[in-house]
Protein chains: 2
Amino acid sequence: MTRGGLARAVAVDRSSPVPLYFQLAQALEAAIASGAIPARTRLDNEVALAGELGVSRPTLRRALEELAHKGLIVRRRGQGTHVVPTRVRRSLTTISLHDDLVRAGQRPATRVLSLDVVPAPDVVADRLGLVARAPVLRIERLRLAGGSPVAKLLNYLPDGLVEPDVARLETESLYQLYRAAGVVLHAAWQAVGARSATAEEARLLLEEPGAALLTVTRQTYDDRGRVVEYASHLYAASRYTVELGLLNG
Amino acid sequence: MTRGGLARAVAVDRSSPVPLYFQLAQALEAAIASGAIPARTRLDNEVALAGELGVSRPTLRRALEELAHKGLIVRRRGQGTHVVPTRVRRSLTTISLHDDLVRAGQRPATRVLSLDVVPAPDVVADRLGLVARAPVLRIERLRLAGGSPVAKLLNYLPDGLVEPDVARLETESLYQLYRAAGVVLHAAWQAVGARSATAEEARLLLEEPGAALLTVTRQTYDDRGRVVEYASHLYAASRYTVELGLLNG
DNA sequence: CAGTGGTCTAGACCACACC
DNA sequence: GTGTGGTCTAGACCACTGT
């Protein structure tokens, strides 16, 4: 994008409360995605580009850093900034947790199997940072896609964090409930493994006993660093895989 | 850390080629990890802190942004910057791919099962962005830990990217070879699933036929956006799980 | 209200890549 | 050399949070 035509495709609104660098990043990402800025294009240098777009260089740089972090562009000293040629680029932008079921065609549904306040088992109390047998909210759900069960979800939450509500649990994700309760999720640690299904699990997930299941164990933290969830999930591996984007591997 | 004593714990070397913000971030991270800056501490405000440390506010901010991104601190407008109280914090800093075997006690070893240049199978050519049946390097390895096999690793690489060398493959990781060849890995996409072991796989991994295996399929990109690897790995799930740190989930 | 982090600017110098 | 992105500065104004 050398001829300055970029300034028309990427217009910013200085009266908007949305930060300039964010507007720029989004506009540039859209322009790249739509092909308005073709792959392998070399962008103008930062000083010139900032001039064309009517922002300062640091502001432009912050936008470019975002795109570089997402893998959409590559910047190299002495050489310039290029739009990455890769075809399969979509998966890289975000790290998907597990709600990928919302994708193409799948009609996700949730059935609440149980919803109780119980004394925390030792391992749960330890992971949540609570004293032994402290009351915790235990949520057991069955996730269905296209009418058939794909996962059994077991979550433990500190008591009082969100309102237990079967109806909402069956229509919204747990993360939507967190957000509604003002909890800002920030980071998580998770381990992925596999094991064979027990008879009971096989029955729930409509698999053969002994079929391979994907296990995901996770701790989620909020922006204060408190553990807000301990989860132990079980996926029917024949119909489900976890997709992950990794950066700076 | 209010009393300015921080300036002694966090000293920067302005003659070093290492960027100031990076020195700051590392020093602060070390101070937090060691307890020199205790959990829940409220840091001085940014202007004051920058003054104490002898850097400008943007430079300090860049360091703090790094720490915030890693989940070590929390910054809130009107309220200040606090050190996060979480206990289990180590896993969050980086996203581990699969070489976690190097951890505590495990003596990792690798046996090269095969190493050939072959015409690319269709799926591989597609994933690597090559024409059908283009020559690719096919590497089949068995990973052992503590003397017993834990994973069968199958990798396809564009021909000519690295030198095929059995000896080095058995002592170093594939990623070390990439680095040595000047390839800068940048991003990856991977899918994690599970399935039951075939008789042949069970024999290799010393598992029962039908045992649950963890499958990892991955594409790795370099900093130019080229696909430099297509991998299909198989883990003995009874002895291995994949750990992942997730940010901004 | 006062204090905090969030954003933005204009300019400077440096390290590296290619000619 | 010349041109590029990488780093750093000093200062300004704003939006939000608590009192």
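Throughout, protein chains are lettered first and strands after them, A, B, ... in sequence-line order, and every chain is numbered starting at 1.
Partners of B/R62 under the salt bridge (Lys or Arg N to Asp or Glu O under 4.0 Å) rule, at least two apart in sequence or in another chain, do not exist in this structure. Under the salt bridge (Lys or Arg N to Asp or Glu O under 4.0 Å) criterion, B/E46 pairs with B/R57, B/R61, B/R75, not counting sequence neighbours. For B/R168, the salt bridge (Lys or Arg N to Asp or Glu O under 4.0 Å) criterion is met by B/E172, not counting sequence neighbours. For A/D13, the side chain to side chain contact (heavy atoms under 4.5 Å, CB included) partners two or more places apart in sequence, or in a different chain, are A/S15, A/S16, A/Q23. Annotation: side-chain hydrogen bond (donor to acceptor under 3.5 Å, both in side chains) contacts of A/T110 (sequence neighbours excluded): A/R143.
Side-chain N/O atoms of A/T81 include one lying less than 4.0 angstrom from OP1 or OP2 on D/dG5. Of the side-chain N and O atoms in A/Y21, none sit less than 4.0 angstrom from OP1 or OP2 of C/dC8. A/R61 has no side-chain polar atom (N or O) that falls below the 4.0 Å cut-off from OP1 or OP2 of D/dG5. In this structure, B/R62 does not reach the D/dG6 phosphate: none of its side-chain N or O atoms is under 4.0 Å from OP1 or OP2.
When rounded to the nearest whole Å, the span between CG of B/N45 and C1' of C/dG6 equals 14 Å. If you take CG of B/L67 and C1' of C/dG5, they are 15 Å apart, rounded to a whole angstrom. Between B/Q23 atom CD and D/dG6 atom P there is a gap of 19 Å when expressed in whole angstrom units. Atom CZ in B/R75 sits roughly 16 Å away from atom C1' in C/dG3 (whole-Å rounding). The interatomic distance linking A/R76 (CZ) with C/dC16 (P) rounds to 15 Å, in whole Å. Separating the CG atom of A/L24 from the C1' atom of C/dT7 is a distance of 13 Å, rounded to the nearest angstrom. Rounding to whole angstrom units, CG of residue B/D13 and P of D/dC8 are separated by 12 Å. Between the CD atom of A/E65 and the P atom of D/dC8 there is a distance of 13 Å, given to the nearest Å.
The nearest pair of heavy atoms linking B/V228 to B/L128 is C-CD2, 4.5 Å.
Among the nucleotides D/dG5, C/dG6, D/dC8, the one closest to any side-chain atom of B/P19 is D/dC8.
The shortest side-chain heavy-atom distance between A/L43 and A/H82 does not fall under the 4.5 Å cut-off.
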Query - Per-nucleotide protein contact string for nucleotides 9-19 of chain D, where B marks a base within reach and S marks sugar-phosphate only (heavy atoms under 4.0 Å, - for neither) - result: BB-B--BBBS-
